[in-house]
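Following: one structure in structure tokens, then a few remarks.
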Protein chains: 2
Amino acid sequence: MSLPHAILTALVEKPSSGLELTRRFDKSIGYFWSATHQQIYRELGKLEAEGFIRTLPSEQPARGQKKSYEVLPAGRAELARWTAASQDPRPHRDTLLLRMRAAAVVGTEGIEDDLRRHLALHRRQLAEYEEIEKRDFPPGKDSSQDRLRHLVLQAGIDLETFWTQWLTRALEEFAELPGHETA
Amino acid sequence: MSLPHAILTALVEKPSSGLELTRRFDKSIGYFWSATHQQIYRELGKLEAEGFIRTLPSEQPARGQKKSYEVLPAGRAELARWTAASQDPRPHRDTLLLRMRAAAVVGTEGIEDDLRRHLALHRRQLAEYEEIEKRDFPPGKDSSQDRLRHLVLQAGIDLETFWTQWLTRALEEFAELPGHETA
DNA sequence: CCAGGTTGTGCAACTAGTTGCATAAATGTC
DNA sequence: GACATTTATGCAACTAGTTGCACAACCTGG
């Protein structure tokens, strides 16, 4: 299971409260491991109970009161252990490909608009990644940390590039299908 | 939710028993929507209760006795409805990218072997897809159905190609990192 | 000074997916 | 014909993730 480790990583990078983590999961970390605020609060509770993190001393705990966490040595050790441990790739699920396959047997009626919508979303995401690359990884920034982080971003860029290309191609094929309406 | 629709698609393609479906989910459909046999049996029960599928008449139902299902008109209609309905891409989770990001803060100790292992797995999968392409989509087979199915397979090929290239590049970067052991 | 929005934390219930195990029939084998 | 293996169906319990809602504190304008 990966959510606790995603949180530990985020907290090692910078101690944060639940809401700050939620926001960071909406970008950055969330690009390849999403989580809702409820998952995050629940997990923070568990991680604290296990002695992997603790609340920053300064703040007094009260409901509706900001509560920041930092990673303890045990948490860092657990993160290192998990990172080094061998793991099988998890089976991969993609609704759009499934729908394409269904469309092959029940007809393509209606799916085309959604392909266009997905194409727009992936183009937007790609542009966002390229923006981040320009901002955070100018030439010359190449400490070990920077290189690893750049590699991760590169994976995001390549995946979005794949989707835009594949969707473009799919839409071209659709245009050539018999019975297709040409505007 | 997509599992019932994955099952409907598989059953429209060919009526099957639970175990046959399980086997088909281990390849083909399972390449982009995996499921265990327990998920499948549970879902078959629900789909039957909802009137989307029925057991093939000939067979008598008994535990340990093969029981095949076919799709009813209502099931086909539901599949068509679902296929055409607009859906947001589901957030995407990747443990390996998460571990790379963790490695940037806790060190790359130990992760390299696993990258190599993943590279081998993705190469194998890519080879398998290319085999299927050669077998099932020789030039000239291009009915609408074939073209759509080929498109789906192409996505699989492109994704595995991406992973092999990205992992190769990641391993090259690792080799250049300071403190890296060169054999 | 209080009504309404924003920020922040959190519980409870639900849906989806996984793991482990039980059971029954058919088939091969000594 | 007893025994092990394979084929096939299925239940129960668990883990992971989502959705809907409640609640407290703070901040801001009339």
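In the text below, chain A, chain B and the rest are named by the order of the sequence lines, each starting its count at 1. Just the heavy atoms: all of them, side chains too, but no hydrogens, waters or symmetry mates, feed the values below.
The base of C/dT9 lies outside donor-acceptor range of the side chain of A/R42, with no N or O pair under 3.5 Å. Taking only distance into account, the side chain of A/H37 meets the base of C/dG10 through a donor-acceptor pair shorter than 3.5 Å. A donor-acceptor contact under 3.5 Å is not formed by the side chain of A/Q39 with the base of D/dG17. Remark: the B/E43 side chain and the C/dG17 base include no donor-acceptor N/O pair separated by less than 3.5 Å.
Where B/E20 and A/R90 each meet DNA chain D at their nearest nucleotide, the meeting point lying more 5' is that of B/E20. Judged by closest nucleotide on DNA chain D, B/G18 is the one of B/G18 and A/M1 placed further toward the 5' end.
Whole-Å rounding puts the B/K46 NZ to D/dT9 P distance at 18 Å. Nucleotide C/dG8 holds its P atom 13 Å from the CD1 atom of A/I40, rounded to whole Å. Computed from coordinates, the A/D26 CG to D/dT18 P distance equals 12 Å when rounded to whole Å. The NZ-P distance, from B/K67 to C/dA26, rounds to 15 Å in whole Å. A/L47 has its CG atom 15 Å from the C1' atom of D/dA16, to the nearest Å. The CG-P distance, from A/L19 to D/dC26, rounds to 16 Å in whole Å. What separates CZ of B/R23 from P of D/dT6 is a distance of 12 Å, to the nearest Å. Atom C1' of nucleotide D/dG20 and atom CD of A/Q38 are separated by 9 Å, given to the nearest angstrom.
No donor-acceptor pair closer than 3.5 Å links the side chain of A/H92 to the backbone N or O of B/D94.
Of the candidate nucleotides D/dA8, C/dT7, C/dT18, C/dT18 has the atom lying nearest to any side-chain atom of B/T36. Closest to the side chain of A/Y41, from the set C/dG10, C/dG17, D/dT9, is C/dG10. Nearest nucleotide to the B/L3 side chain, out of D/dT7, C/dG10, C/dG17: C/dG17.
Using a cutoff of 4.0 Å between basic side-chain nitrogens and carboxylate oxygens, A/D136 and A/R149 are not scored as salt-bridged.
Nucleic acid contact for B/T22: none, since no nucleic acid atom lies under 4.0 Å from a heavy atom of the residue.
Judged purely by distance below 3.5 Å, without hydrogens or angles, the side chains of A/S34 and B/R90 never pair a donor atom with an acceptor atom. In summary, the side chains of B/R101 and A/S28 do present a donor paired with an acceptor at a separation below 3.5 Å, with no hydrogens or angles considered.
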Quiz prompt | Worked verdict on A/R93 versus B/S2 for side-chain hydrogen bond (donor to acceptor under 3.5 Å, both in side chains) | solution = CA-CA 9 Å; A/R93 294 199 165 101; B/S2 310; over 6 Å; no

